[in-house]
2 protein chains.
Amino acid sequence: MNEFAGAQRPLYEVKANLFKGLAHPVRVRILEVLSAANTVPVSDLIADTGLEASHLSQHLSVLRKHNLVVAERRASQVFYSLAYPQVADLLRVSRALLVEILENTRQQLASTVTASAGLPVQPASTPSDSPPPPSDPEST
Amino acid sequence: MNEFAGAQRPLYEVKANLFKGLAHPVRVRILEVLSAANTVPVSDLIADTGLEASHLSQHLSVLRKHNLVVAERRASQVFYSLAYPQVADLLRVSRALLVEILENTRQQLASTVTASAGLPVQPASTPSDSPPPPSDPEST
DNA sequence: CTGCGACGTGATGGATTCATCAATCCGCGA
DNA sequence: TCGCGGATTGATGAATCCATCACGTCGCAG
């Protein structure tokens with residue numbers, strides 16, 4: 001029942017709990033937006049994500065419970081920002097891992113295909129897709 | 001239905017999926033063990049975690065599906081290891097974030113308490129806990 | 001004080017995930 | 001071939017999470 005992210009229990013439990021807080025596309029999206037801009041009003045988040053206010057609010061509540069974001073009231077609007085810069089680090093590292101995984105699994109698929117065709121593992125273009133963009137260092 | 005971690009969908013969905021794969025204490029534990037030792041037989045994992053074989057195997061299966069670990073059969077035993085060193089990075093960064101969060105929330109609690117007592121925010125010892133260990137750079 | 005716009009909270013079905021146990025697969029030695 | 005230990009898979013109820021919608025709160029304008 002204790003919703004605290006921090007307690008005196010084994011660290012791997014706390015860690016798993018942290019990942020649970022991140023385990024939803026909407027919440028990842030929110031954190032990525034907050035990583036890019038220091039402080040963002042809820043109205044902007046609604047615009048960026050296209051979600052219904054209450055839905056988004058629930059996810060913000062989850063992020064607050066996990067101590068990943070902080071809210072600040074100014075006038076009639078609420079502004080959110082990352083609670084710690086390390087949150088952005090975490091997203092960056094996870095992105096790096098993902099890139100590695102995607103590249104590798106794609107190669108494996110390609111080699112499986114070409115193996116039955118007797119070709120080297122070179123061809124970078126996916127069988128039925130547009131040609132790969134020259135590189136896209138930004139993106140979400 | 002597609003269980004691939006990688007597809008052509010928005011990156012934040014893939015990222016959320018990755019975190020979902022990490023969002024369980026047992027799986028975090030497994031990855032931490034694998035981060036410490038290059039290659040570990042299932043029997044050792046059973047010993048380290050104290051889990052029933054089938055239970056552990058299911059979590060290993062999840063980790064495999066997410067491309068976080070790889071299995072290798074040698075003789076009658078199966079050996080697991082991290083699929084990419086970046087997985088260990090991710091765990092390290094998450095740990096750093098967690099440390100930050102725990103330290104900070106603890107201070108907040110302390111200051112809330114001392115605020116009603118009229119004391120500065122100095123005292124590092126929690127009201128009803130054992131004194132903080134001088135620092136523990138290892139641990140899980 | 002009354003209404004309104006911006007956010008948050010509660011409650012409810014529907015979908016996922018988890019833990020447990022039985023059944024199966026795989027390599028090897030008798 | 002038979003059987004056995006090591007490891008995985010399948011199936012089931014319990015627990016948890018998610019999306020939707022109705023309602024409640026806060027601050028301000030009229």
Side-chain angles (χ1 to χ4, degrees), chain A residues 1-5 12-31 33-34 39-81, chain B residues 1-5 10 12-31 33-34 39-66 68-81:
Chain A
M1 290 308 148
N2 189 340
E3 295 293 8
F4 286 32
Y12 55 82
E13 267 196 31
V14 183
K15 240 185 241 184
N17 208 44
L18 164 65
F19 290 132
K20 233 190 262 180
L22 296 168
H24 193 288
V26 170
R27 296 199 286 272
V28 171
R29 192 110 167 69
I30 293 173
L31 292 178
V33 172
L34 294 181
T39 291
V40 179
V42 172
S43 51
D44 279 20
L45 288 175
I46 293 180
D48 283 355
T49 61
L51 291 176
E52 188 198 352
S54 76
H55 193 185
L56 184 118
S57 199
Q58 283 195 103
H59 285 292
L60 285 174
S61 154
V62 172
L63 291 175
R64 260 183 283 130
K65 241 179 3 202
H66 285 265
N67 292 290
L68 295 173
V69 303
V70 292
E72 178 193 359
R73 213 177 187 109
R74 283 213 290 260
S76 65
Q77 279 188 304
V78 178
F79 292 76
Y80 277 85
S81 45
Chain B
M1 290 308 150
N2 189 339
E3 294 294 10
F4 286 33
Y12 55 82
E13 267 196 31
V14 183
K15 237 184 241 183
N17 208 43
L18 164 65
F19 289 131
K20 235 190 258 181
L22 297 167
H24 192 287
V26 169
R27 296 200 286 273
V28 172
R29 193 110 166 67
I30 294 173
L31 292 178
V33 172
L34 294 180
T39 290
V40 179
V42 173
S43 50
D44 279 20
L45 288 175
I46 293 179
D48 282 355
T49 62
L51 291 177
E52 188 197 351
S54 77
H55 194 185
L56 183 118
S57 198
Q58 282 194 99
H59 285 293
L60 285 174
S61 154
V62 172
L63 291 175
R64 261 183 284 131
K65 240 178 6 200
H66 286 266
L68 295 173
V69 303
V70 292
E72 178 193 0
R73 200 162 200 120
R74 282 212 291 259
S76 64
Q77 278 188 305
V78 177
F79 292 76
Y80 277 85
S81 44

d([atom1], [X]; [atom2], [N]) in whole Å:
X: B:His24; N: C:dT16; atom1: NE2; atom2: P; result: 18 Å
X: A:Asp44; N: C:dA6; atom1: CG; atom2: C1'; result: 13 Å
X: B:Asn17; N: C:dT17; atom1: CG; atom2: C1'; result: 13 Å
X: B:Arg29; N: C:dC18; atom1: CZ; atom2: P; result: 18 Å
X: A:Lys65; N: D:dC18; atom1: NZ; atom2: P; result: 10 Å
X: A:Ile30; N: D:dC18; atom1: CD1; atom2: C1'; result: 14 Å
X: B:Glu13; N: D:dC18; atom1: CD; atom2: P; result: 14 Å
X: A:Glu52; N: D:dT20; atom1: CD; atom2: P; result: 8 Å

Minimum heavy-atom distance [X]-[Y], with the two atoms named:
X: B:Leu22; Y: B:Leu68; result: CD2-CD1, 3.9 Å
X: A:Ala16; Y: B:Pro25; result: CB-N, 3.3 Å
X: A:Leu63; Y: A:Gly21; result: CD2-O, 4.0 Å
X: B:His66; Y: B:Leu18; result: ND1-CA, 4.5 Å
X: A:Arg29; Y: A:Thr49; result: CG-CG2, 4.2 Å

Spacing of A:Thr39 atom OG1 and A:Leu34 atom CG [to the nearest 0.5 Å] =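 Atom-to-atom, A:Thr39:OG1 and A:Leu34:CG are 8.5 Å apart.
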
Report yes if a side-chain nitrogen or oxygen of B:His59 is closer than 4.0 Å to either non-bridging phosphate oxygen (OP1 or OP2) of C:dT17; otherwise report no.
->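 For C:dT17, neither OP1 nor OP2 has a side-chain N or O of B:His59 closer than 4.0 Å.
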
Roughly how bent is the helix from C:dG8-D:dC23 to C:dA30-D:dT1 end to end, in steps of 10 degrees, with each end axis from five pairs?
->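 So the angle between the two local helix axes works out to 20°.
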
Side chain proximity check, B:Val78 to B:Leu60, heavy atoms < 4.5 angstrom =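 SC-SC contact between B:Val78 and B:Leu60 ruled out.
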
What string of B, S and - do you get for nucleotides 2-11 of chain D 5' to 3' if you count protein non-hydrogen atoms under 4.0 Å?
-> ----SSBBBB

Report the C-alpha separation of A:Ser43 and A:Gln77 in whole Å, then their side-chain angles, then the decisive distance to 0.1 Å, and conclude whether the side-chain hydrogen bond (donor to acceptor under 3.5 Å, both in side chains) test is met.
-> CA-CA 8 Å; A:Ser43 51; A:Gln77 279 188 304; 3.0 Å; yes

Counterpart residues, ring-ring contact (aromatic ring centres under 6.0 Å, His included), relative to B:His24 (two or more places apart) |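 For B:His24 the ring-ring contact (aromatic ring centres under 6.0 Å, His included) partners, ignoring immediate neighbours, are B:His59.
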
Which part of the nucleic acid, if any, lies within reach of A:Arg74 when heavy atoms closer than 4.0 Å are counted: base, sugar-phosphate only, or nothing?
->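 Here A:Arg74 touches no strand at all.
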
